[in-house]
Amino acid sequence: MKNRIIENSLKTTVKEKPFSIILLFIAIILGIFMQLVPPQILKNIIDNNISKGIYQGIWKLSYYYLIAVLISGFADFIREFMMADIGQDILLNIRYNMGKKLSYLPISYFSNNPIGQVISRFTSDVDAVGSLFTSGIIGMIADSLKAVGIIVSIYLLSPVLSLYVFLLIPILYFIAKFFKNSTLKAQIETRKAVGNINGFIQELFNGIRTVKIFGMEKHFISDFQQPLNENINAVHKTSIFDSVFPCLMQIIRALIISITVIIAAPKGLGALGISIGAIAAVIDLISRILAPIESIAMEFQTIQEAVAGVKRIQSFASEDEEKRYSDDAAIIKKYENLSISVNNVAFSYSKDDEIIKNISFAVEPGQKTVLVGRTGAGKSTILNLIAGLYKPDEGSIEIGGMDPFKMNPNIRRRIMGIVPQSFPVYDVSVRDAVTLYDETISEEQVEEAARIVGLHDDIIKLPNGYNTIIGEGETGLSNGQYQLLSLACALVLNPPILLLDEVTSGLDGVTEERVFKALKNISKGRTIITISHRVSGIIDADKVIILDSGKIVEEGTPIDLAGKNGWYAKYSQIEQLGWKI
Ligand code: ATP
Ligand code: MG
C-alpha cells in the first residue's frame, strides 16, 4: 500500500458511492443552469407584461420564476449534501488506510516521531485533504462555471454591461480574498490559543501532585491567564472580520447596482438602449455573482492548505512498513528447549547514538540470567531486542534458531512471556487485559495466571470481577496491581521463556515477596531473563551480566562475581549498607 493511501481511498469511495457522485454532478450542472433562468423570466415579465401594461399570462411567468428558484435551491441542497457525504467517506477511507499503515510501521517510527505530529497527520491534514475533494476543487469548478454562466447571461442582455461586470470581478475577488485570509489567520490563532489552554489543563492533570506539594496553585493560575488572553484577542479579531465583511459586501453590491443603473438607464448616462426588464435581469445576475466569487477566494486558500496536507500524508504513506513475519510455525514444532543467543549485537534508536555496543551472550534452556546495571545502561533495550521489538543494527539474535524480530506474534506469545518495565494502562476488562483478545485462552487459564501472580483475590473483589473495565476514568488499579496483571498476561500461555523487566519495581515489600515466591514457582524449567537494579533479587540466578553504557563489563555466576573485586562486589557492598542502586 506504499505511498498510495490517498489514491486508494479515492478509488474505494468511487466504488462505494457511484450514485452519490453522479448525483453530485447532476446537481452542480442543474444548479448552474437554474441560476440563469430566473433573471430571464424577470426580464420577460417586465418587458413583455409590466412595461406594456399586459397582465395576461403574468401569473404563469411568476409561477415559472418560483419553480426555477425552487429547483435551483433544491439543486444547491443536493450538491452540499452529496459533497459532505462523499467528502466524509473519503476522509473515513483515508483515515482507515492511514491507521492500517500506522499499525504496520516498525516500533522505531513510534519512538522517532512525536505523538502530536502523528495525531495531526490523522486529524488536520486529513481534513485539509478531504476539503480538497469537496469544497476545494469541486467547489471551485462549480463556482467558476456559475460565474462564467452569469457573465454570458449578462453578455446576451448587454455586451457593454458584461464587460463592466467582467472588470469588476478582480476587484471583488481581491477584497474577498483579503478578508478571508485575515479571518483564516485569526482562526488559526484561535485554534493555537485553544490548544494552549488544553495543554495547560493537561499539564495540571499530569503535575497536580507537584503543584499541591509545592503550593504552586497561584503560579499556575497566573500562567493560565496568558493563553486565555491570547484566545480572547484572536476571537475578537475573527468576530471583527466576520461582522465587517458582510456589511462591506452589501455596500459594494449596492454601489455596483447603482452604477449599473446609471450606465444602463434609458435616459441615463450610457443610454445603452436596453430594456428595463434587461436591467432588472442584470441587477439580479450581479447579485448572484458575488457569492461564487467570495467562495472562489476561500477555495484558493483551501486548495493551498490541502496541497500541503497531501504532501505530508504522502510522506507518511512512504514510510517503510515492517515486513517481518515469517511462517515459523513450520520450523518449530515444540516450543521447548529453546536457547537464546545474542551475537555481536549493536543497536541505536537514532543514528548517531549507539546504545548497545557489540554485545554477545548466550542463555541455555532453563537458565536464569539477570541483567544488572545502572539507569540508562541499556538493559531494557537488550530485553526489547530479544523480545523482537527492534531489529539489531548489527549482529544477530536467535531464539531456538529463529530471529525474534521475524517471529509471528502468535508464536512469539507462546514462546516468550514479556513483562515490560512500564506497564500499559488499558481501557479494557481485566480478562481482556490478560488474554489480549486471544480467544483460544480459556477462563480457567486466565484465573490460573491471576492466581499464580497472587491477583485473583483482588480481582474478585472488583465490582464485576474479571469483567470489570479498568483504566483511565474507569475502575483504577494500583501500580503494583497493574504490574501483576501484566505478569499474568505474560504467563497465561505458559511460555517456556520469560523476559521480565524489573517486575517488582512497582511493588511494596510484602507484595514483592509474594511475586518472588510466585516467580520461583513458575521459574522451574523455564528460561528466564530478568532485569534488576538490586543484587539481592538475583542471588539464585545462574548467570549475572553486568552492563555499563551498553557494554558487558562482567559476566558469571553470582558466586564467581562475588569473589571478584569488580562491579558486582561493589554493588553488593553498597546494597548491604541499605542503598538501592
Ligand atoms: P533503567 O534502569 O532506567 O530502566 P535501562 O538500562 O533499562 O535503564 P534503557 O531503557 O535500555 O536503559 O535505555 C538505554 C538508553 O537508550 C538510554 O540512554 C535512553 O535514553 C535510550 N533510550 C531508551 N529508549 C529509547 C527510545 N525509545 N528512543 C530513544 N532512546 C531511547
Ligand atoms: Mg529499563
Side-chain angles (χ1 to χ4, degrees), residues 103 325 329 332 334-336 338 368 383-384 386-389 399 404 407-508 510-530:
S103 64
Y325 306 132
I332 39 161
K334 277 197 300 183
Y335 307 140
E336 284 162 15
L338 304 172
K368 285 152 202 63
L383 219 63
N384 288 338
I386 296 175
L389 294 179
I399 298 180
M407 218 176 254
N408 189 307
N410 251 330
I411 293 172
R412 187 204 315 267
R413 226 191 142 188
R414 283 168 170 75
I415 291 180
M416 289 186 270
I418 304 158
V419 182
Q421 186 168 18
S422 53
F423 41 88
V425 176
Y426 323 91
D427 235 346
V428 296
S429 71
V430 174
R431 186 187 315 284
D432 293 339
V434 175
T435 64
L436 300 180
Y437 302 104
D438 184 336
E439 283 162 11
T440 62
I441 300 174
S442 69
E443 290 195 12
E444 291 73 37
Q445 279 173 300
V446 173
E447 257 189 59
E448 172 71 16
R451 264 183 226 280
I452 290 175
V453 299
L455 200 59
H456 177 72
D457 293 339
D458 293 356
I459 295 173
I460 51 176
K461 278 187 214 139
L462 293 172
N464 289 318
Y466 280 87
N467 295 321
T468 312
I469 305 287
I470 48 168
E472 268 175 72
E474 304 283 349
T475 308
L477 295 183
S478 74
N479 277 4
Q481 286 170 328
Y482 271 120
Q483 189 107 38
L484 290 172
L485 197 65
S486 77
L487 193 57
C489 172
L491 282 174
V492 73
L493 280 170
N494 201 13
I497 297 173
L498 285 178
L499 305 177
L500 311 172
D501 196 344
E502 307 231 35
V503 273
T504 55
S505 62
L507 311 179
D508 63 35
V510 179
T511 322
E512 188 176 355
E513 274 310 306
R514 228 164 73 186
V515 176
F516 270 137
K517 228 187 239 164
L519 282 176
K520 238 176 225 160
N521 283 337
I522 55 168
S523 66
K524 281 180 199 116
R526 282 184 221 263
T527 315
I528 299 181
I529 303 182
T530 62

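Model, not experiment: these values are computed from the prediction.
- Test Ile452, Leu487, Val434 against Val492 for side-chain contact (heavy atoms from CB on, under 4.5 Å) and you get one pass: Val434.
- The shortest non-hydrogen separation linking Ala387 to Pro404 is C-CB, 4.3 Å.
- A pairwise comparison of heavy atoms in Ile460 and Asp457 identifies CG1-O, 3.4 Å as the closest pair.
- Atom CD1 of Ile386 and atom CD1 of Ile529 lie 3.5 Å apart (nearest 0.5 Å).
- With sequence neighbours excluded, the residues that form a side-chain contact (heavy atoms from CB on, under 4.5 Å) with Ala433 are Tyr426, Val428, Ile470, Leu485.
- In this structure, Arg414 and Thr440 have side chains that are in contact, with non-hydrogen atoms separated by less than 4.5 Å.
- Atoms CD1 and CZ, from Ile469 and Arg431 in turn, are 11.0 Å apart once rounded to the nearest 0.5 Å.
- Rounding to the nearest 0.5 angstrom, the gap separating the SG atom in Cys489 from the CD1 atom in Ile418 is 9.5 Å.
- In this structure, the side chains of Thr527 and Met416 stay at 4.5 Å or more apart for every pair of heavy atoms.
- Legend: residues meeting side chain to side chain donor-acceptor pair (under 3.5 Å) with Ser429, ordered by chain and number and at least two apart, are Asp432.
- Summarising the geometry, atom CZ belonging to Arg413 is positioned 13.5 Å from atom CD1 belonging to Ile415; distances are rounded to the nearest 0.5 Å.
- Contact of the Asp438 side chain with the Leu493 side chain is registered, since non-hydrogen atoms from C-beta on lie closer than 4.5 Å.
- In this structure, CG on Leu455 lies 11.5 Å from CD on Glu447, to the nearest 0.5 angstrom.
- Within the model, atoms CD of Glu448 and CD of Glu443 stand 14.0 Å from one another, a figure rounded to the nearest 0.5 Å.
- Side chains of Val419 and Leu498 form no contact here, defined as non-hydrogen atoms less than 4.5 Å apart.
- In this structure, Arg412 and Pro495 have side chains that are not in contact, with every pair of non-hydrogen atoms separated by 4.5 Å or more.
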